[in-house]
Protein chains: 2
Amino acid sequence: MREFKRRSRVLLIDDNADHLRGVKELITLESCYDVVGTTTSANIGINLAKKYRPDIILMDINMPEKDGLQAIQEIEKLDLGIRVIALSGYDDADLIFRAMKIGAKGYVLKTMASAQLIYAMDEVAAGKIYLPTALTSRFFEYFQNSFKEETKISSEENLLTYLTAREEEVLDLLTQGNNYKSIAGKLFISETTVKTHVNNIFQKLQVNDRTQAVLYALNNGFANRRLSKIAV
Amino acid sequence: MREFKRRSRVLLIDDNADHLRGVKELITLESCYDVVGTTTSANIGINLAKKYRPDIILMDINMPEKDGLQAIQEIEKLDLGIRVIALSGYDDADLIFRAMKIGAKGYVLKTMASAQLIYAMDEVAAGKIYLPTALTSRFFEYFQNSFKEETKISSEENLLTYLTAREEEVLDLLTQGNNYKSIAGKLFISETTVKTHVNNIFQKLQVNDRTQAVLYALNNGFANRRLSKIAV
DNA sequence: CGAATTATCAATCCAAAGATGTAGGACAAA
DNA sequence: TTTGTCCTACATCTTTGGATTGATAATTCG
């Protein structure tokens, strides 16, 4: 067993050269991380990431040339196990949300104390995900808001509640693209029975055909409630 | 201007009477909150919430009788501005995620130090959302995971890209539940033309009927890319 | 220009879906 | 026991949907 663990390697990407230099100094002097590269270009950064395989990348996400979020996404897609911490000047909830959604392991404001940056790196290096408390609160406000509308919709009268258990089973199979024969086979009942159920479903959901029934089901939280209004 | 702010009022809901008593004592003795009610029943709790309008509710979400999450949802639906903190014995990522999704303003483990509970209440009373750091990390792992699959899918070959502009228009109308006649009317073309397009769509998407085509479209980011695999 | 793609329309045929009415048995609530 | 709901099933009929073939005009592209 090794007694010491390898010093974690860090890559810095920030279009602001001054800030880049400052962060490099900070890390070099006051932490146990090795800076393996610095660049002001997101594209170059991605290439450096492939080349040097750092453990951590500090990525400024407010860059004019190339979107930092996109860069994070590309790095995540490489699937090299590189953990990216987003650096930003803004505590904008939407930015935080998007960064975390695409896989950032942390989000730190440039205005925060340098100790906090080091701490974030420590946490992330340890495999955790780190968000400063203030930003976490911001994130959750945004997060919960994005579901509020949805909740409102689904708390309106939902015609799905009128369906019997059996009808729900049938509808479930409909939402998987099955036809009458297939449903009959899966439920071990005759095709005509399925037709009866499906017709009853149409009546209850006030639709004219199976496609509309399926759409109603999906849009009103049937079974796999996977709809959210979240988009990157 | 008032110099002192009103002491915040708290309602406790926990099916475990012992724990309930313990928490009540803790809050009464060691915090500045008024316990306005305690109950072991989620249903009664909801009624007490309506009656006493507490500022905060501590809600055990691991109750056999009635699901605590559901109770939170109902309280949120009341829209009385009551801020609910979920209490749980488990740091299960899925539980945490669902609690936060439906609007819990905090999530605290029963095993945590009592000081942490008080702190959480302070934060929540101040209008923030509070999650212990360890649970935040858990939450984000789950959160990011739920988007990983999606990213993977959308980066795989998407048969939708083979569709022509006109076919996309037709498919769009299909995903709105239109039949041939309706689509023909909306695009000012004959029904047979629509049939041709639809058949070509089937070929390209490798499906057998319109329902499957619609499902493929929705699951592969057609138009409204709002699908995520998150479920309550 | 010539070739390929696309959008349009038609005829035909068969299969599937949808509408409607009827009915027996199981089961639970009143 | 009666009433009602639910699940099952069938017959019949109409409409819609889907497959196939073929054809014309417009557009795009090399």
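The chains referred to below are lettered A, B, ... by the order of the sequence lines, with proteins before strands, and numbering in each begins at 1.
B:Tyr162 and B:Gln203 are not linked by any side-chain donor-acceptor pair at a separation below 3.5 angstrom, with hydrogens and angles left out of the test. Checking B:Asp172 against B:Gln176 by side-chain atom types alone, a donor-acceptor pair falls below 3.5 Å.
A sub-4.0 Å separation between OP1 or OP2 of C:dG18 and a side-chain N or O of A:Tyr180 is present.
The CZ-P distance, from B:Phe202 to D:dG17, rounds to 10 Å in whole Å. Here the C1' atom of nucleotide C:dG21 and the CG atom of A:Asn199 are 12 Å apart, to the nearest Å. Regarding B:Ile201, its CD1 atom lies at a distance of 14 Å from the P atom of D:dG17, rounded to whole Å.
By the 30° and 60° cut-offs, the orientation of the rings of A:Phe97 relative to A:Tyr142 is tilted. Between B:Phe147 and B:Phe143, the angle of the ring planes goes over 60°, which puts this pair in the perpendicular group of the 30/60° scheme.
Nearest-nucleotide assignment on DNA chain C puts the 5′-proximal partner with A:Lys181, out of A:Gln203 and A:Lys181.
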Quick one: which protein N/O atoms are closer than 3.5 Å to N/O atoms of nucleotides 5-14 of chain D? Pair and distance per line, please.
unit_1: D:dC7; atom_1: OP1; unit_2: A:Thr164; atom_2: OG1; d: 3.3
unit_1: D:dC7; atom_1: OP1; unit_2: A:Arg166; atom_2: N; d: 3.0
unit_1: D:dC7; atom_1: OP2; unit_2: A:Thr164; atom_2: OG1; d: 2.5
unit_1: D:dT8; atom_1: OP1; unit_2: A:Arg166; atom_2: NE; d: 3.1
unit_1: D:dT8; atom_1: OP1; unit_2: A:Arg166; atom_2: NH2; d: 2.7
unit_1: D:dT8; atom_1: OP2; unit_2: A:Arg166; atom_2: NE; d: 2.7
unit_1: D:dT8; atom_1: OP2; unit_2: A:His197; atom_2: NE2; d: 3.0
unit_1: D:dA9; atom_1: OP2; unit_2: A:Ser190; atom_2: N; d: 2.7
unit_1: D:dA9; atom_1: OP2; unit_2: A:Thr193; atom_2: OG1; d: 3.0
unit_1: D:dA9; atom_1: O5'; unit_2: A:Thr193; atom_2: OG1; d: 3.4
unit_1: D:dC10; atom_1: OP2; unit_2: A:Ser190; atom_2: OG; d: 3.4

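Looking at B:Arg210 and A:Asp209, no side-chain N of the basic residue comes within less than 4.0 Å of a carboxylate O on the acidic one, giving no salt bridge. Between A:Lys77 and A:Glu74 there is no salt bridge, since none of the side-chain N atoms of the basic residue sits less than 4.0 Å from a carboxylate O of the acidic one.
Judged as a side chain to side chain donor-acceptor pair (under 3.5 Å), the pairs with a partner in residues 183-197 of chain A (not counting sequence neighbours) are, in order, A:Asn178-A:Lys186, A:Ser190-A:Thr192, A:Ser190-A:Thr193.
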Exercise answer: donor-acceptor pairs, residues 78-87 of chain B side-chain atoms, under 3.5 Å, sequence neighbours excluded:
unit_1: B:Arg83; atom_1: NE; unit_2: B:Val124; atom_2: O; d: 3.0
unit_1: B:Arg83; atom_1: NH2; unit_2: B:Gly127; atom_2: O; d: 3.1
unit_1: B:Arg83; atom_1: NH2; unit_2: B:Lys128; atom_2: O; d: 3.2

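Within a heavy-atom distance below 4.0 Å of DNA chain D, the residues of residues 205-214 of chain B found are B:Asn208, B:Asp209, B:Arg210.
Within 4.0 Å of A:Asn179, counting heavy atoms only, lie sugar-phosphate atoms of the nucleic acid but no base atom.
Heavy atoms only, all atoms of each residue included: A:Ala213 and A:Leu171 are closest at O-CD1, 4.1 Å. Shown here for A:Leu215 and B:Leu174, the closest heavy-atom pair between the two residues is CD1-O, 4.2 Å.
The rotation axes computed at either terminus of the helix from C:dC1-D:dG30 to C:dA30-D:dT1 lie 50° apart, taking five pairs at each end and rounding to 10 degrees.
Residues satisfying the ring-ring contact (aromatic ring centres under 6.0 Å, His included) test with B:Tyr107, not counting sequence neighbours, are none.
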